[in-house]
Undergrad: 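This is the structure, below, for whatever I ask next.
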Amino acid sequence: MRPPARPHHRHPLGPVELADGARAAYDGWLHRLERRPGAHGIDQWWLYQTSPSPSGPDDLPGRVPSRWLDRHTFTLTAQYPIDYVVGSHFVGTHTRSPFVRRLLAQRMTPAAHRSLDDLTLVTTLPDGASTTEEIAPEALDGVLREVFGIALTREELRGIAARRSAATA
């Protein structure tokens with residue numbers, strides 16, 4: 001049995017008003033919501049994120065434009081379980097899905113945004129500084145537990161290692 005994982009945060013770390021151009025800042029992370037015309041007359045909502053750095057977010061006085069990252073896109077169209085079931089099945093089972101082929105994890109906290117793509121750990125701080133680190137296969141269990149709050153069984157870890165070996169063969 002798996003021990004419970006620590007709670008984790010998702011983007012953003014607090015509410016953003018559902019209004020075109022709305023902005024919210026939490027612990028140094030800045031988010032912006034944008035409404036755009038979409039297909040078939042259904043508006044799309046885009047959530048962007050940047051972090052305050054010396055060059056700053058796009059249009060604050062005295063600052064040079066910086067890059068906004070597209071974090072999430074959605075519509076206000078009602079969604080039902082069947083809208084997710086088929087897509088989730090294929091994303092989680094198809095041999096060409098990146099979620100089947102390699103390990104992916106993300107965790108957003110006030111201190112940092114961390115992402116793991118197989119054995120590559122990227123840490124981005126609110127000031128925009130970023131580091132990339134290659135994790136040794138034998139350190140993966142500790143990184144998953146300590147950084148992401150994910151506790152896997154020995155069997156699950158062996159399965160990840162076997163998929164990695166098969167992918168590189």
Undergrad: In terms of ring plane angle, is the pair Phe90 and His94 parallel, tilted or perpendicular, where the classes change at 30° and 60°?
TA: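 Ring orientation of Phe90 relative to His94: tilted.
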
Undergrad: Is there a side-chain contact (heavy atoms from CB on, under 4.5 Å) between Gln79 and Thr77 once you walk through the steps?
TA: CA-CA 6 Å; Gln79 302 289 308; Thr77 305; 4.0 Å; yes

Undergrad: Give, for atom CZ of Arg23 and atom CG of Leu30, the distance between the pair rounded to the nearest 0.5 Å.
TA: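 Separation between the atoms: 6.0 Å.
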
Undergrad: Quick one: OG1 on Thr124 to NE2 on His113, what's the gap to the nearest 0.5 Å?
TA: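 So the OG1 of Thr124 and the NE2 of His113 are separated by 7.0 Å.
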
Undergrad: So, taking the atom named OG in Ser115 and the one named CZ in Phe148, what distance separates them when rounded to the nearest 0.5 Å?
TA: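 Ser115 OG to Phe148 CZ: 6.5 Å, rounded to 0.5 Å.
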
Undergrad: So do the side chains of Leu121 and Thr131 get within less than 4.5 Å of each other, counting heavy atoms only?
TA: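 No, side chains not in contact.
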
Undergrad: Considering residues, nucleotides and ligands other than Glu155, do more than 12 of their heavy atoms fall under 6.0 Å from its CD?
TA: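 No, because the 6.0 Å sphere around CD of Glu155 holds 12 heavy atoms or fewer from other groups.
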
Undergrad: What orientation do Trp45 and Phe74 show, parallel under 30°, tilted 30 to 60°, or perpendicular over 60°?
TA: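 The rings of Trp45 and Phe74 lie parallel, inter-plane angle below 30°.
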
Undergrad: Checking the side chain of Asp20 only, and the main-chain atoms of Arg35 only, is there a donor and an acceptor separated by less than 3.5 Å?
TA: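 Yes, Asp20 side chain to Arg35 backbone: donor-acceptor pair under 3.5 Å.
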
Undergrad: Rounded to the nearest 0.5 Å, how far does CG of Leu152 lie from CG of Leu157?
TA: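 That separation rounds to 5.0 Å.
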
Undergrad: Could you walk me through whether Leu47 and Asp70 pass the side-chain contact (heavy atoms from CB on, under 4.5 Å) test, one step at a time?
TA: CA-CA 6 Å; Leu47 178 66; Asp70 175 7; over 6 Å; no

Undergrad: Is it true that Arg102 and Asp117 have a side-chain N and a carboxylate O under 4.0 angstrom from each other?
TA: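 Answer for the salt bridge query: yes.
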
Undergrad: Hey, quick one: are Met108 and Val122 part of the same hydrophobic cluster, counting side-chain heavy atoms closer than 4.5 Å, chains of contacts allowed?
TA: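 They do not share one cluster, since no chain of ILVMFWY contacts under 4.5 Å joins Met108 to Val122.
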
Undergrad: Side chains of Arg107 and Ile150: closer than 4.5 Å at any heavy-atom pair?
TA: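 They are not in side-chain contact.
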
Undergrad: Minimum heavy-atom separation for Pro137 and Leu119, please, with both atom names.
TA: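 Heavy atoms only, the tightest pair is CG-CD1, 3.8 Å.
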
Undergrad: Report yes if some heavy atom in the side chain of Thr120 is under 4.5 Å from a heavy atom in the side chain of Glu134; otherwise report no.
TA: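 When only atoms from C-beta onward are counted, Glu134 and Thr120 do touch, with a gap below 4.5 Å.
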
Undergrad: State yes or no: do Val91 and Leu104 share one hydrophobic cluster built from I, L, V, M, F, W and Y residues joined by side-chain heavy-atom distances below 4.5 Å, directly or via other members?
TA: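 Yes: a chain of side-chain contacts under 4.5 Å links Val91 to Leu104.
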
Undergrad: Looking at side-chain heavy atoms only, is the closest gap between Tyr48 and Arg71 below 4.5 Å?
TA: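 Tyr48 vs Arg71: side chains apart.
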
Undergrad: Walk me through whether Glu133 and Ile135 qualify under side-chain contact (heavy atoms from CB on, under 4.5 Å).
TA: CA-CA 6 Å; Glu133 177 184 356; Ile135 304 299; 3.9 Å; yes

Undergrad: With rounding to the nearest 0.5 Å, note down the distance linking OG1 in Thr75 to CD in Gln44.
TA: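 Rounded to the nearest 0.5 Å, the OG1-CD separation comes out at 8.0 Å.
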
Undergrad: Please examine the side chains of Ile160 and Arg158, heavy atoms only from C-beta on, and report whether any two atoms are closer than 4.5 Å.
TA: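 When only atoms from C-beta onward are counted, Ile160 and Arg158 do not touch, as no gap falls below 4.5 Å.
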
Undergrad: Atom CD of Glu34 and atom OG1 of Thr73: how far apart are they, to the nearest 0.5 Å?
TA: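 Answer rounded to 0.5 Å: 10.0 Å.
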
Undergrad: Checking Arg36 against Trp46: charged group under 6.0 Å from the ring centre and within 45 degrees of the axis?
TA: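 Pair Arg36/Trp46 counts as cation-pi.
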
Undergrad: Looking only at non-hydrogen atoms, find the nearest pair between Ala78 and Asp83 and report the distance.
TA: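 For Ala78 and Asp83, the tightest heavy-atom pair comes out as O-OD2, 4.1 Å.
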
Undergrad: Are any non-hydrogen side-chain atoms of Tyr26 and Pro126 less than 4.5 angstrom apart?
TA: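 Not touching, per the 4.5 Å side-chain cut-off.
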
Undergrad: May I ask whether Leu140 and Val147 are part of the same hydrophobic cluster, defined by side-chain heavy atoms of I, L, V, M, F, W, Y residues being less than 4.5 angstrom apart, directly or through others?
TA: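 Yes, one cluster joins them.
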
Undergrad: Does Tyr84 belong to the same Ile/Leu/Val/Met/Phe/Trp/Tyr cluster as Tyr80, with side-chain heavy atoms less than 4.5 Å apart forming each link?
TA: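 No, it is not one cluster - the side chains of Tyr84 and Tyr80 are not joined through contacts under 4.5 Å.
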
Undergrad: Find out whether Asp118 and Arg164 are in side-chain contact, i.e. whether some heavy atom of one side chain is under 4.5 Å from a heavy atom of the other.
TA: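 Asp118 vs Arg164: side chains touch.
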
Undergrad: Are the side chains of Arg101 and Thr95 in touch, meaning some heavy atoms are under 4.5 Å apart?
TA: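 Arg101 vs Thr95: side chains apart.
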
